[in-house]
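Report on one structure; see the data block that follows.
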Amino acid sequence: MTQMKMKQTPYIIGISLNLIFVLTELLFSQLAHSTALFADAFHNLSDVLALVIAWLAVIVFGLKATKKHTYGWHNLSILASLFNTFLLIGAVLIIFYEGISDLIDPPTVATNGNTVMIVAAIGIGINFFTAMLFKASGAPDEHGHHHEQDLNSKTAYIHLLADAGVSVGVIVGGLLIQLTKWPMIDAIISMIIGIIIIVTSWSVMASTFNLAINGVPDKVDADGILEYLNTNKNIVHLHDLHIWPLSTTEAALTVHLTVKDGAEPQEILDDVSQVLRQNFNINHVTIQIETSVSSQPCNLI
């Protein structure tokens, strides 16, 4: 098995198992008349979408740039993440609509607590098993190195374990329904799950929107970069500094630098490029060296 196929295997297994479980939860949410199972199904659907995005990143990072797509296909990971964000927002709105409707007008058919607990327990097993796949895939290689792409494995591992915890909450809700016979519990649990989705996904949603409009990625310290360039003894002026995302994990930078008289341009170019890559998480650096301040700055700034 090639290294690329080995990287993709946990994603394919995880996506398949979780997608089957989502469809199962949606079916049994209707049979058990459970809004909580319905909400948990959308919560697990967020797992599927997150895994698809991470899997897409593995694939597109292996594709080479072309004459027409000179940056490659890495930007697809941002588009997929943006789609995921809109779908999650829609799911939460549906969950709250269903939950509030059930509180205002409780269903005439009682929720089957036993079915809720059994399905949620299956979800715990699937989430835990899938999480272990990603824990294994995030191990260092034979040289002891952890690569950039392993961040996707780590994120998926943490997300899946957290979702197993949500399923525990659904089981507790099913038990309370059995003990109290109070139908409101199911609707309340569904809205709690909706809140959990928003809280746990908010930072990712905000970051995704920022990337989609070419904002400076969160992992890049723009102020630190500006300070470094302004305090470099060989640089007397800079302009047209742009920082934008190439993907959900990569950033690019362009800048014009006016250097001191007598300075060695190639040496400055090499030093600055190395610092930007190693210290500031810039993957693609483009620098224009100038010997005098340009009178034609970028019209975007």
Side-chain angles (χ1 to χ4, degrees), residues 1-29 37-63 73-74 76-88 90-92 95 118-141 146-171 193 196-201 203-205 207-208 247-249:
M1 184 181 293
T2 65
Q3 186 177 10
M4 179 58 70
K5 288 184 178 180
M6 290 179 64
K7 285 184 177 181
Q8 294 187 48
T9 298
Y11 295 100
I12 296 172
I13 295 175
I15 290 169
S16 300
L17 287 177
N18 280 276
L19 187 57
I20 292 171
F21 180 64
V22 165
L23 296 176
T24 302
E25 273 196 308
L26 288 174
L27 173 63
F28 279 94
S29 69
L37 274 184
F38 179 79
D40 195 45
F42 275 102
H43 191 219
N44 282 289
L45 180 61
S46 73
D47 284 344
V48 176
L49 295 172
L51 291 177
V52 168
I53 290 170
W55 183 31
L56 180 64
V58 172
I59 295 173
V60 299
F61 287 139
L63 299 177
W73 299 84
H74 299 192
L76 282 175
S77 61
I78 298 177
L79 297 179
S81 186
L82 188 64
F83 174 77
N84 184 13
T85 295
F86 286 130
L87 199 57
L88 279 180
V92 171
I95 289 169
I118 292 171
V119 175
I122 295 172
I124 293 174
I126 290 176
N127 281 325
F128 186 77
F129 172 75
T130 311
M132 292 303 103
L133 290 177
F134 286 99
K135 183 178 182 181
S137 70
D141 61 20
H146 289 268
H147 299 289
E148 178 75 18
Q149 194 55 44
D150 289 334
L151 181 61
N152 284 318
S153 299
K154 182 178 180 181
T155 302
Y157 170 70
I158 295 173
H159 194 172
L160 288 163
L161 285 184
D163 285 348
V166 173
S167 294
V168 171
V170 176
I171 290 177
I193 292 173
I196 290 173
I197 294 174
I198 289 294
V199 171
T200 57
S201 304
S203 62
V204 175
M205 290 180 180
S207 296
T208 297
S247 69
T248 52
T249 60

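In this text the structure is predicted, and so the values were computed from the model without any measurement.
When every heavy atom of A41 is checked against every heavy atom of V22, the shortest pair comes out as O-CG2, 3.7 Å. The two residues V170 and A120 have their closest heavy-atom pair at CG1-CB, 3.8 Å. The shortest heavy-atom contact between G123 and S167 is C-OG, 4.4 Å. When every heavy atom of Y11 is checked against every heavy atom of L51, the shortest pair comes out as CD2-O, 3.7 Å. Scanning all heavy atoms of the two residues, the minimum distance from F38 to S29 falls at N-CB, 3.5 Å. The two residues I78 and T208 have their closest heavy-atom pair at O-CG2, 4.3 Å.
Distance check: L27 CG to L23 CG gives 9.0 Å after rounding to the nearest 0.5 Å. Rounding to the nearest 0.5 angstrom, the gap separating the OG1 atom in T24 from the CG atom in L19 is 9.5 Å. Interatomic distance, CG of D40 versus CD1 of I193, reported as 4.5 Å (0.5 Å rounding). The distance from the CG atom of L37 to the CG atom of L26 is 9.5 Å, given to the nearest 0.5 Å. Considering CZ of F129 and CG of N18, their distance stands at 11.0 Å, rounded to 0.5 Å.
With a 4.5 Å cut-off on side-chain heavy atoms, I15 and V52 count as touching. Residues N44 and I126 form no side-chain contact, since every pair of their non-hydrogen atoms from C-beta on lies 4.5 Å or further apart. Proximity of N127 to F21: side-chain heavy atoms (C-beta onward) are nowhere separated by under 4.5 Å.
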Q: Run the numbers on T130 and I13 for side chain to side chain contact (heavy atoms under 4.5 Å, CB included), then give the verdict.
A: CA-CA 8 Å; T130 311; I13 295 175; 6.0 Å; no

